[in-house]
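Comments concern the structure below.
Since the model is a prediction, treat every value here as computed from it, not as a measurement.
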Amino acid sequence: MNAPAPSGYRIALVDSDALQRACTGNSLTALGADFIPFVRIADLIQALEVGQRFDGVIVGLHADAQKTVARVPAMHQAADWMLPLLYLTHRSELESVESVPVAVRAQRSYELLLTPVSNEDLGVWLASLDGRLKPARLIRVGADA
C-alpha cells in the first residue's frame with residue numbers, strides 16, 4: 001500500500017468540462033488537497049492578479065489545447081513564480097493535445113495524465129510538489145522590469 005500524499009496543498013483546477021472538474025476535484029479532496037475550480041485559465045490569471053496563491057495548477061486540455069497552453073506564461077507571470085503544472089486530457093482528445101507545439105511538449109516541466117486520472121497518479125503528482133514549492137521568483141527583463 002502506498003503512503004498517502006501530503007495534504008494541505010492549495011490547487012487551482014482549471015477545466016472547461018464540468019464533469020472532469022468534479023471528478024478531479026473529488027480526487028483532490030480525497031487526497032487531502034484543497035482546490036479552487038476555474039472554467040478558463042483566464043479566470044485563474046485574474047485570481048492570481050488579485051493575490052490568490054496556489055501550490056500547483058491542474059489544467060484540463062480539450063479542443064482548444066493550443067490556445068490554453070499559450071496562456072500558461074501569463075499565468076506564471078501573474079503568480080510571480082513557475083507554478084507546478086499538470087495537464088489532464090481524455091484519450092479521445094489526444095489529437096487536440098498533439099496540436100500543442102512540440103517545443104512545449106518537450107519541456108521537462110510538461111506533465112500529462114489521461115483522464116479519468118487515478119487517485120494514485122494524482123497523489124504521486126501532489127507528493128512531487130514538496131520539492132517544487134515557492135522557488136526563486138521570476139526575473140523580469142525588458143521595459144516592464
Side-chain angles (χ1 to χ4, degrees), residues 5-119 121-145:
S7 62
Y9 291 120
R10 188 162 194 249
I11 305 298
L13 174 58
V14 183
D15 203 317
S16 60
D17 182 314
L19 180 58
Q20 277 304 109
R21 213 171 39 248
C23 290
T24 304
N26 286 340
S27 291
L28 288 168
T29 299
L31 292 167
D34 179 29
F35 76 95
I36 306 297
F38 298 93
V39 174
R40 299 172 307 129
I41 203 163
D43 301 328
L44 169 58
I45 291 169
Q46 287 179 333
L48 290 165
E49 288 173 342
V50 297
Q52 287 197 37
R53 296 289 172 237
F54 300 95
D55 298 311
V57 178
I58 297 174
V59 177
L61 295 179
H62 302 285
D64 62 348
Q66 193 169 6
K67 182 179 174 184
T68 300
V69 171
R71 299 294 315 266
V72 168
M75 177 195 73
H76 288 308
Q77 184 173 358
D80 201 26
W81 72 291
M82 299 294 288
L83 283 161
L85 180 60
L86 174 65
Y87 294 107
L88 302 178
T89 196
H90 190 269
R91 193 175 307 282
S92 65
E93 296 185 287
L94 278 175
E95 189 173 308
S96 296
V97 173
E98 290 173 2
S99 72
V100 173
V102 173
V104 172
R105 289 184 282 140
Q107 293 175 4
R108 202 172 55 133
S109 62
Y110 184 81
E111 297 179 82
L112 175 71
L113 292 176
L114 293 178
T115 58
V117 65
S118 71
N119 282 9
D121 288 342
L122 201 52
V124 168
W125 181 76
L126 286 171
S128 77
L129 296 179
D130 275 343
R132 297 192 275 177
L133 292 179
K134 312 258 187 220
R137 298 287 182 185
L138 293 175
I139 299 171
R140 300 184 197 277
V141 294
D144 313 80

Open item on the list: Val72 vs Val57, test: side-chain contact (heavy atoms from CB on, under 4.5 Å). Steps then yes/no.
Closed with: CA-CA 10 Å; Val72 168; Val57 178; over 6 Å; no
Q) Which pair of heavy atoms, one from Tyr9 and one from Leu126, lies closest together, and at what distance? A)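 Looks like CE1-O, 3.3 Å.
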Which residues pass the side chain to side chain contact (heavy atoms under 4.5 Å, CB included) test with Glu93, sequence neighbours left out?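 Expected list: His62, Thr89, His90.
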Please set out all donor-acceptor pairs under 3.5 angstrom arising from side-chain atoms of residues 31-44, sequence neighbours excluded.
| residue | atom | partner | partner atom | Å |
| --- | --- | --- | --- | --- |
| Arg40 | NH2 | Asp43 | OD1 | 2.9 |
| Asp43 | OD2 | Arg40 | N | 3.2 |

To the nearest 0.5 Å, tell me how far [X] [atom1] sits from [Y] [atom2].
X: Leu112; Y: Leu114; atom1: CG; atom2: CG; result: 6.0 Å
X: Ile58; Y: Ser27; atom1: CD1; atom2: OG; result: 9.0 Å
X: Leu88; Y: Trp125; atom1: CG; atom2: CH2; result: 9.0 Å
X: Met75; Y: Met82; atom1: CE; atom2: CE; result: 8.0 Å
X: Thr68; Y: Leu61; atom1: OG1; atom2: CG; result: 6.0 Å

Side-chain donor/acceptor pairs under 3.5 Å, residues 95-102, sequence neighbours excluded:
| residue | atom | partner | partner atom | Å |
| --- | --- | --- | --- | --- |
| Ser99 | OG | Ser96 | O | 2.5 |

**Asked** Do the side chains of His76 and Leu83 get nearer than 4.5 Å, heavy atoms only?
**Response**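 Yes; the side chains approach each other to less than 4.5 Å.
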Filter on ring pair (Phe, Tyr, Trp, His ring centres under 6.0 Å), then keep only pairs touching residues 95-117, sequence neighbours left out; what's left?
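Counting only pairs at least two positions apart or across chains, the ring pair (Phe, Tyr, Trp, His ring centres under 6.0 Å) contacts touching residues 95-117 are Tyr87-Tyr110.
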Pairing residues for Arg71 by the side-chain hydrogen bond (donor to acceptor under 3.5 Å, both in side chains) criterion, not counting sequence neighbours: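 Scan of Arg71 (side-chain hydrogen bond (donor to acceptor under 3.5 Å, both in side chains), adjacent residues dropped) gives none.
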- Restricting to pairs with a member in residues 15-24, which pass salt bridge (charged side-chain N to carboxylate O under 4.0 Å, His left out), not counting sequence neighbours?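 Qualifying pairs: none.
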